[in-house]
Amino acid sequence: MRLLKLRKPYRLKDFKFSLLILVLATSFLGVLVIGSANENYQNKQILGLVIALVVMAVVSLIDYVWILNFYWLIYGLAVFLLAIVLIPGVGVYVNGARRWINLGFTNFQPSELAKILLIIFFAKFIMKHEEDLSDKVTIIKAVILIAIPLLLIIKEPNLSTTIATALLFCVLMYVGGLSYRFIGTVLLITIPLAIIFLSIVVQPDQKLLEDYQQKRILAWLEPQKYATDDAYQQNNSVMAIGSGQLTGKGLNNNTTTSVKNGNFILEPQTDFIFAIVGEELGFVGCCLVITLLLLIVIQCILVGVRSQDMAGRVIACGVGSLIGIQTFINIAVATQVFPNTGIPLPFVSYGLTSLVSLYIGIGLVLNVGLQPKKYQ
């Protein structure tokens with residue numbers, strides 16, 4: 001068995017150049033904005049982009065059907081990576097969380113790669129259970145299998161990635177054909193529980209969340225009361241986006257009142273990169289970023305719809321959903337629609353693990369696109 005099992009023949013007309021162009025355009029825009037936010041990280045992001053492109057090219061030529069044969073190994077790798085990062089001496093402890101492994105030249109964040117690995121695993125799992133996906137036993141198996149990595153991510157702690165991964169799992173099951181009756185039942189139970197949960201965690205002596213997590217929710221509910229501490233970054237983010245007006249102040253501007261120059265936002269090149277977009281590129285720039293990411297999501301879904309099997313559909317729609325979920329959460333935090341929680345803006349925020357992992361996902365989608373459904 002060859003290491004790179006190429007499915008022959010691939011046809012050039014099936015390659016989704018439109019998806020590749022959209023991803024590259026978003027990534028190049030990200031490099032420019034990162035350089036403006038903090039020029040020290042721009043060269044690293046360029047290096048990460050080069051590595052990501054090479055990895056994507058390789059993955060796009062590997063038959064995803066062949067990759068799916070190793071789905072249990074892939075699941076085991078995801079769990080292993082999420083577990084070892086929790087070991088003192090292996091995982092790097094930064095700002096109260098153990099989420100990274102120091103590789104010397106960069107920090108590797110296992111949870112970012114794990115999301116892609118879990119998409120691959122559940123693509124095979126769902127395809128194997130395509131006929132009985134709505135059965136109680138199958139659902140219980142799926143919930144247990146996703147609960148293990150979710151618990152490990154919570155343990156870091158990383159609440160935003162936990163939420164994003166849980167939402168991703170729900171989308172994967174929906175794409176796989178989970179019955180609407182079951183989905184409706186879950187929503188009827190989940191929505192009241194979410195309301196009860198929020199009402200409990202805002203109480204002074206609650207035990208469900210860490211203190212810093214509770215403060216972020218309280219700061220979101222009462223931003224003026226917490227304006228000098230927990231709501232500080234989000235308040236400044238909203239003001240920065242608004243100050244950009246229609247076309248922004250321009251990249252690499254030297255305005256002292258800028259959120260980057262005045263240090264009004266910590267690490268502006270990562271979780272609050274959208275504030276930099278809004279301030280320096282204005283409403284036009286914000287619309288451009290959102291449009292590019294939306295088009296990427298749509299392209300992934302279209303590839304999934306035309307895929308040759310259920311696994312291909314789950315992979316393509318899963319990668320598109322992951323990009324959509326992270327985009328929504330990141331922008332919602334930057335605009336104070338959601339409480340402050342850190343998650344990268346796909347292809348735009350600085351982060352080599354996130355960038356390379358997403359490009360692996362795009363490589364998988366491109367390979368799914370190279371093997372479309374055959375119409376009689």
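Judged by distance alone, the side chain of Glu112 and the main-chain N or O of Lys115 form no donor-acceptor pair under 3.5 Å. Looking only at distances, a side-chain donor or acceptor of Arg98 sits under 3.5 Å from a matching main-chain atom of Gly91. Under a 3.5 Å cut-off, the side chain of Trp220 and the backbone N or O of Val337 do form a donor-acceptor pair.
A donor atom on one side chain and an acceptor atom on the other are found under 3.5 Å apart for Tyr64 and Gln308. A donor-acceptor pair shorter than 3.5 Å cannot be found between the side chains of Ser307 and Gln371. No hydrogens or angles considered: a donor-acceptor pair under 3.5 Å links the side chains of Gln269 and Glu267. Side-chain contact of Ser160 with Asn158: a donor-acceptor pair under 3.5 Å is present, judged by distance alone.
Residues Leu68 and Ile315 form a side-chain contact, since some pair of their non-hydrogen atoms from C-beta on lies under 4.5 Å apart.
Environment of CD in Glu39: sparse, with no more than 12 heavy atoms of neighbouring residues, nucleotides or ligands closer than 6.0 Å.
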I'd like to know whether His129 forms a side-chain contact (heavy atoms from CB on, under 4.5 Å) with Phe125, so could you lay out the CA-CA distance, the side-chain angles of the two residues, the decisive distance to 0.1 Å, and finally the verdict. CA-CA 6 Å; His129 293 278; Phe125 177 88; 3.7 Å; yes
Phe347 and Tyr359: ring pair (Phe, Tyr, Trp, His ring centres under 6.0 Å), yes or no, with the steps? CA-CA 9 Å; Phe347 308 110; Tyr359 267 84; 5.6 Å; yes
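Aromatic ring orientation, Tyr75 versus Phe121: tilted (interplanar angle from 30° to 60°).
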